[in-house]
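Reviewing the structure listed below.
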Amino acid sequence: MARAKIALIGAGQIGGTLAHLAAIKELGDVVLFDIAEGTPQGKALDIAESGPSEKFDATLKGTNSYSDIAGADVCIVTAGVPRKPGMSRDDLLGINLKVMKAVGEGIAANAPDAFVICITNPLDAMVWALREFSGLPHKKVVGMAGVLDSARFRHFLSLEFNVSMKDVSAFVLGGHGDTMVPLTRYSTVAGIPLPDLVEMNWTTQEKLDAIVQRTRDGGAEIVGLLKTGSAFYAPATSAIEMAEAYLKDQRRLLPCAAWCDGEFGLKGMYVGVPTIIGANGIEKVVNIKLAKDEQEMFNSSVEAVKGLVEACKGIDDSLA
Ligand SMILES: NC(=O)C1=CN([C@@H]2O[C@H](COP(=O)(O)OP(=O)(O)OC[C@H]3O[C@@H](n4cnc5c(N)ncnc54)[C@H](O)[C@@H]3O)[C@@H](O)[C@H]2O)C=CC1
Ligand SMILES: O=C([O-])CC(=O)C(=O)O
């Protein structure tokens, strides 16, 4: 069987890391696309030259031409601009919206059957705009954020409980911004929900609240440390987890920014919810029951995302 083709739109920090991970995991042949001349070609060659040591079978091609992504099975979009210290993700909306238009049209013309994973910020509004510009089916266009936010939550919890990250599961829903909703009730250590662990005196409510806040601020913490850009290793790993679920029809249950039309009482919008990813893309949005306080937090996150989508419509008439 021919290898899968993975197109990476944007060959910056995340794009390069995605290419490296896709090759090492032998998910398929990789095409790195960017408007910057030389960058995708240089990164593709550099990663290809790691192949003899790493012993992977995958070709890597860098390009500035959309025609090279023709027939891609998966497109992962990181094209655009990251934030710097002092900025919010929402400050990127105007500049990255224009990028989504070009990328959406490029994917529609060259890889209309692909499963498209958007990473560009502000995530929930950008995945919505990318879907609108590309015209691809909603179940084939999804945003990466919940896997990353949940991974950060899991990491911080594993430090607090001094247990393996493998035994910590967590769910972060809502928009990928300050209003994201880490769900403590649905997060566990080896199946034991976090509120029970507080009752067992394994941690305190204050410590748990601080971990929840650190999770919400997880992106900004890294931006503050790096100063010149934002996180890229964990974001790339998270998107690869989603791409692998699609390519291998794993039916993973992962939190993603997915199109909700009826689920969670929403009428046609993208926001972070639990999904099943398999060979058809988003196979299902898993409509979990939220407690009153969780629903209130989710509602305010939904309102924040709706505000960003309205802002996109105000900038680009074709989206209105
Ligand atoms: N959803 C999430 O959880 C996360 C989202 N991000 C976002 O991902 C995006 C990318 O981050 P990095 O890779 O660190 O940025 P980067 O600046 O290293 O790379 C972005 C690349 O996009 C390219 N680019 C710009 N306009 C383009 C266009 N029209 N077509 C093709 N390529 C274009 C640039 O030349 C650059 O190489 C940012 O918007 C960032 O905020 C970052 C981390 C997590
Ligand atoms: O914080 C940022 O700007 C990048 C991002 O979305 C993250 O790392 O969660």
Side-chain angles (χ1 to χ4, degrees), residues 7-20 31-44 62-66 68-69 75-107 110 117-127 129-130 133 142-153 155 172 174-178 180 214-242 254-257 270-272 305:
L8 306 174
I9 315 297
Q13 296 285 57
I14 304 177
T17 312
L18 285 168
H20 198 194
V31 176
L32 264 168
F33 169 92
D34 203 292
I35 50 166
E37 287 179 18
T39 303
Q41 291 86 350
K43 290 197 179 185
T63 183
N64 305 112
S65 166
Y66 268 111
D68 285 319
I69 74 161
C75 292
I76 308 182
V77 177
T78 61
V81 175
R83 63 171 157 162
K84 297 218 169 68
M87 294 172 78
S88 99
R89 296 179 181 93
D90 301 352
D91 296 334
L92 305 169
L93 186 132
I95 185 160
N96 284 347
L97 183 63
K98 290 195 191 76
V99 175
M100 290 307 100
K101 188 175 175 67
V103 174
E105 290 169 358
I107 292 175
N110 295 281
I117 301 171
C118 180
I119 301 185
T120 304
N121 272 322
L123 188 272
D124 305 83
M126 291 302 102
V127 66
L130 184 64
F133 289 131
V142 63
M144 187 293 292
V147 176
L148 171 65
D149 298 326
S150 303
R152 287 181 173 145
F153 195 21
H155 171 61
V172 179
H176 184 55
D178 300 340
M180 72 177 72
R214 189 174 179 197
T215 302
R216 288 203 182 101
D217 297 337
E221 183 175 1
I222 303 225
V223 169
L225 291 165
L226 293 181
K227 296 182 185 67
T228 52
S230 51
F232 51 100
Y233 293 113
T237 310
S238 304
I240 288 289
E241 198 173 351
M242 293 164 64
L254 299 170
C256 303
Y270 274 92
V271 71
V305 173

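Counting starts at 1 for both ligands and their atoms, in listed order. Just so you know, residue 1 is the first one in the sequence shown, and it goes up from there.
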_Min N/O separation D149 to ligand 2 under 3.5 Å_ =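 No: no nitrogen or oxygen of D149 is under 3.5 Å from one in ligand 2.
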
*Quick one: does G229 get a heavy atom under 4.0 Å from ligand 1?*
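No, that is not the case, since the closest heavy atom of the residue is not under 4.0 Å from the ligand.
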
*asked:* Taking a cutoff of less than 4.0 Å between a non-hydrogen atom of the residue and any ligand atom, is V81 in contact with ligand 1?
replied: yes

What protein heavy atom sits nearest [atom], and how far away is it?
atom: atom 3 (O) of ligand 1; value: H176 NE2, 3.1 Å
atom: atom 29 (N) of ligand 1; value: V99 CG1, 3.6 Å
atom: atom 13 (O) of ligand 1; value: I14 N, 3.0 Å
atom: atom 19 (O) of ligand 1; value: G12 CA, 3.2 Å
atom: atom 17 (O) of ligand 1; value: P82 CD, 3.4 Å
atom: atom 8 (O) of ligand 2; value: R152 NH2, 2.8 Å
atom: atom 14 (O) of ligand 1; value: Q13 CB, 3.6 Å
atom: atom 1 (O) of ligand 2; value: R83 NH2, 2.7 Å
atom: atom 10 (C) of ligand 1; value: T78 O, 3.1 Å
atom: atom 26 (N) of ligand 1; value: I35 CD1, 3.5 Å

Calculate, to the nearest 0.5 Å, the distance between atoms [atom1] and [atom2] belonging to [X] and [Y] respectively.
X: M180; Y: R216; atom1: CE; atom2: CZ; value: 8.5 Å
X: Q41; Y: D34; atom1: CD; atom2: CG; value: 9.0 Å
X: M126; Y: T120; atom1: CE; atom2: OG1; value: 8.5 Å
X: K227; Y: I222; atom1: NZ; atom2: CD1; value: 12.5 Å
X: Q13; Y: L226; atom1: CD; atom2: CG; value: 8.5 Å

Just by modelled atom types, is the [Y] backbone N or O under 3.5 Å from a matching donor or acceptor in the [X] side chain?
X: T215; Y: R152; value: no
X: T78; Y: G10; value: yes
X: K43; Y: L32; value: no

[X] neighbourhood, listing ligand 1 atoms whose heavy-atom distance to it stays under 4.0 Å:
X: N96; answer: 39 (O)
X: L148; answer: 3 (O), 44 (C)
X: S230; answer: 42 (C)
X: P235; answer: 43 (C), 44 (C)

*Can you name the ring pair (Phe, Tyr, Trp, His ring centres under 6.0 Å) partners of Y66, sequence neighbours left out?*
F33

Any atoms of ligand 2 less than 4.0 Å from a non-hydrogen atom of [X]? List them with their elements.
X: S230; value: 2 (C), 3 (O), 4 (C)
X: G219; value: 1 (O), 7 (C), 8 (O), 9 (O)
X: L148; value: 9 (O)
X: A231; value: 8 (O)
X: H176; value: 5 (C), 6 (O), 7 (C), 9 (O)

*Would you call N121 a ligand 2 contact, heavy-atom distance under 4.0 Å?*
yes

*Would you call M87 a ligand 2 contact, heavy-atom distance under 4.0 Å?*
no

Measure from [atom] to every heavy atom in [options] and give the option owning the shortest one.
atom: atom 43 (C) of ligand 1; options: G146, A257, A231, G10; value: A231
atom: atom 32 (N) of ligand 1; options: A79, G80, G106; value: A79
atom: atom 40 (C) of ligand 1; options: N121, V103, D34, I119; value: N121

*Side chains of L18 and I240: closer than 4.5 Å at any heavy-atom pair?*
yes

*Taking the side chain as every heavy atom from C-beta outward, state whether P40 and T63 have any pair of such atoms under 4.5 Å apart.*
no

*Quickly, which of L123, I76, V103 forms a side chain to side chain contact (heavy atoms under 4.5 Å, CB included) with C118? Name it, please.*
L123

Table please: side-chain donor-acceptor pairs of residues 92-99 below 3.5 Å, with sequence neighbours left out.
residue, atom, partner, partner atom, Å
N96, OD1, V81, N, 2.8
N96, ND2, V81, O, 3.1
N96, ND2, N121, O, 2.8

_Step-by-step side chain to side chain contact (heavy atoms under 4.5 Å, CB included) determination, V77 to I107_ = CA-CA 10 Å; V77 177; I107 292 175; 3.9 Å; yes

*asked:* Using a 4.0 Å heavy-atom cut-off, which part of E221 comes near ligand 2: side chain, backbone, both, or neither?
replied: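 For E221, there is no contact with ligand 2 at all, from either part.
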
*At a non-hydrogen distance cut-off of under 4.0 Å, which region of I222 contacts ligand 2 (side chain, backbone, both, or neither)?*
neither

